[in-house]
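Because only heavy atoms are used, hydrogens play no part in the values below, and waters and symmetry mates are left out as well, while side chains stay in. Each residue takes its place number in the sequence, starting with 1.
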Amino acid sequence: GFKTLKTAIASSGIGLFVAAAGALAGLFTAATKKGAEFAKQMSTLKAVLGEEKGTVENMDALSASAKELGATTQFTAIQVGELQTEFAKMGFTTDQILASTKATLDLAASMEVDLASAASLAGSTVNAFQLKAEDTQMVVDVLAASTSESALSFSDLQEALKNAAPTARATGRTIQETAAMLGVLANANIKGGRSGTGLAKAFLQLEKKGMTLNEAFDKINSSSSSMVTAVEIAGDVGGKALEVLAGKRKDIDKLTVSFKGSEGAAQAMAGVRLDNLAGDTTKLNSAWEGFLLSLEDGEGIFNKISR
């Protein structure tokens with residue numbers, strides 16, 4: 001009897017109406033659930049920002065940015081909200097978060113790393129070189145280019161810049177010059193903390209002696225023992241890095257010029273990595289979440305009814 005009734009409903013207009021109503025109910029249920037998750041992430045962000053920074057106006061701007069980037073990149077709006085929270089933990093203002101988010105998404109996508117790690121590297125590098133949040137895209141492009149044009153990896157950059165960046169900035173080096181020298185050292189298999197420490201000590205000793213980098217290179221290259229001379233100038237640790245760099249001046253110059261013209265490198269690399277079926281699926285997932293949040297973002301009528 002039930003089978004007969006099911007067949008009769010399925011063959012009538014009632015069956016189509018029931019199916020459509022069920023699908024619509026399922027859609028709004030999914031939207032309400034996703035909206036609740038997004039609202040929870042925004043509440044976390046607001047709590048980290050505090051009362052002074054987490055104003056209604058600021059939260060509206062951050063929420064709108066998260067939804068827009070979540071619908072148009074490989075990352076979901078909730079993941080973008082998590083990134084915004086990481087920046088908030090680092091003391092960034094709302095304007096700084098908004099200026100840094102898209103670039104950091106590009107960095108994470110181009111190097112295939114998690115957003116927390118990308119935020120940490122991008123944010124700490126911007127701060128170490130005393131740059132503005134608006135410079136994050138430039139920094140990210142240099143970092144991305146350095147991993148594609150040298151033997152540097154993301155983890156190498158993390159460790160190297162942690163040690164080298166503050167001294168590099170204090171002695172007048174740019175992010176492009178510093179990355180170029182780290183890239184040359186990485187090509188010589190001096191990577192990570194070793195290269196960062198060596199470079200920092202070399203910069204420091206040159207500063208103490210009142211000697212420019214080119215003067216040091218000339219002295220090392222014209223000596224009978226390049227290693228001995230390099231150690232005399234910069235000590236055991238700094239001397240090893242300085243000796244390698246002295247023999248690769250053309251490579252340093254070439255990379256520096258390349259990094260200065262690296263605009264759009266991170267986005268281009270991310271696009272190449274996503275140009276496949278898996279990438280299409282990832283972007284579709286983000287776009288679908290964006291659609292659900294357009295129906296219910298945790299502040300709409302369905303969320304209020306559910307609460």
Side-chain angles (χ1 to χ4, degrees), residues 107 111 117 120-122 124-131 138-262 265:
L107 179 64
M111 296 190 181
S117 298
S120 177
L121 179 59
S124 61
T125 303
V126 168
N127 288 336
F129 283 94
Q130 295 186 355
L131 299 170
M138 177 272 291
V139 169
V140 163
D141 286 333
V142 171
L143 297 178
S146 67
T147 63
S148 65
E149 297 181 37
S150 73
L152 284 168
S153 66
F154 182 85
S155 59
D156 292 333
L157 281 171
Q158 276 186 313
E159 292 302 315
L161 286 172
K162 180 170 64 177
N163 297 327
T167 306
R169 191 274 313 164
T171 54
R173 271 80 186 186
T174 65
I175 175 63
Q176 292 91 342
E177 293 170 323
T178 305
M181 284 184 265
L182 289 174
V184 169
L185 290 173
N187 291 342
N189 204 31
I190 302 176
K191 303 178 181 180
R194 288 175 57 216
S195 63
T197 301
L199 201 58
K201 289 186 177 297
F203 289 158
L204 187 59
Q205 291 303 315
L206 289 175
E207 193 73 12
K208 286 181 177 180
K209 289 179 170 60
M211 183 182 294
T212 67
L213 189 62
N214 283 328
E215 288 173 345
F217 286 167
D218 289 338
K219 189 172 182 178
I220 291 169
N221 291 331
S222 63
S223 67
S224 57
S225 176
S226 59
M227 180 56 74
V228 171
T229 304
V231 170
E232 288 176 352
I233 294 173
D236 291 341
V237 177
K240 293 177 182 177
L242 201 59
E243 194 272 339
V244 171
L245 294 173
K248 299 290 184 179
R249 294 171 76 169
K250 290 184 179 179
D251 292 342
I252 295 173
D253 292 341
K254 182 180 178 180
L255 284 178
T256 300
V257 171
S258 178
F259 295 162
K260 286 181 178 179
S262 61

Using a distance-only test with no angle check, is there a side-chain donor-acceptor pair under 3.5 angstrom linking Glu207 and Thr171?
no

For the residue pair Phe217 and Asn214, establish whether any side-chain heavy-atom pair is separated by less than 4.5 Å.
yes

Checking side-chain contact (heavy atoms from CB on, under 4.5 Å) for the pair Leu206/Glu215: CA distance, chi angles, key distance, verdict?
CA-CA 10 Å; Leu206 289 175; Glu215 288 173 345; over 6 Å; no

Which pair of heavy atoms, one from Leu157 and one from Ser146, lies closest together, and at what distance?
CD1-OG, 3.5 Å

Are Ile252 and Glu177 packed together at the side-chain level, in the sense that at least one heavy-atom pair is separated by less than 4.5 angstrom?
no

Mind running side-chain contact (heavy atoms from CB on, under 4.5 Å) on Leu185 and Lys191 for me, showing each step along the way?
CA-CA 7 Å; Leu185 290 173; Lys191 303 178 181 180; over 6 Å; no

How about Asn187 and Asp251: do any of their side-chain heavy atoms sit closer than 4.5 Å?
no

Less than 4.5 Å apart, side chain to side chain, heavy atoms only: is that true for Thr147 and Leu143?
no

Taking all non-hydrogen atoms of both residues, which atom of Ala144 and which atom of Ala265 are closest, and how far apart?
CB-C, 4.5 Å

One should read off an interatomic distance between Arg169 CZ and Leu131 CG, to the nearest 0.5 angstrom, of 10.0 Å

Under 3.5 Å, is there a donor-acceptor pair between the Ser225 and Ser223 side chains?
no

So does Lys162 pair up with Glu159, basic N to acidic O under 4.0 Å?
yes

From CD (Glu243) to CD1 (Ile190), nearest 0.5 Å:
8.5 Å

Answer yes or no: is there a side-chain heavy-atom contact under 4.5 Å between Lys209 and Leu204?
no

Which heavy atom of Ala246 sits nearest to which heavy atom of Asn221, and what is that distance?
O-ND2, 3.0 Å

Give the C-alpha distance, both sets of side-chain angles, the deciding distance and a yes or no for side-chain contact (heavy atoms from CB on, under 4.5 Å) between Lys201 and Asp236.
CA-CA 9 Å; Lys201 289 186 177 297; Asp236 291 341; over 6 Å; no

Would you call Met181 and Phe203 a side-chain contact if the rule is heavy atoms closer than 4.5 Å?
yes

What's the shortest heavy-atom distance between Gly238 and Ala202, and which atoms?
O-CB, 3.8 Å

Could you pull out the closest heavy-atom pair between Leu242 and Ala234, with the gap in Å?
CD2-CB, 4.0 Å

With side-chain contact (heavy atoms from CB on, under 4.5 Å) as the criterion, how do Val244 and Lys240 come out once you've worked through the C-alpha distance, each side chain's angles and the decisive distance to 0.1 Å?
CA-CA 7 Å; Val244 171; Lys240 293 177 182 177; over 6 Å; no

Quick one about Glu149 and Ser258 (side-chain donor to acceptor, distance below 3.5 Å, no hydrogens or angles considered), yes or no?
yes

From Phe259 atom CZ to Asp141 atom CG, the distance as rounded to the nearest 0.5 Å
11.5 Å

Any non-hydrogen side-chain atom of Leu182 less than 4.5 Å from a side-chain atom of Leu161?
yes

Under 4.0 Å between a Lys/Arg side-chain N and an Asp/Glu carboxylate O for Asp156 and Arg194?
no

Value rounded to 0.5 Å, distance of OG in Ser124 from CZ in Phe129:
10.0 Å

Return the minimal non-hydrogen interatomic distance between Val142 and Ala179, and the atom names on each side.
CG1-CB, 3.9 Å

Heavy-atom side-chain contact between Met138 and Gln176 under 4.5 Å:
yes

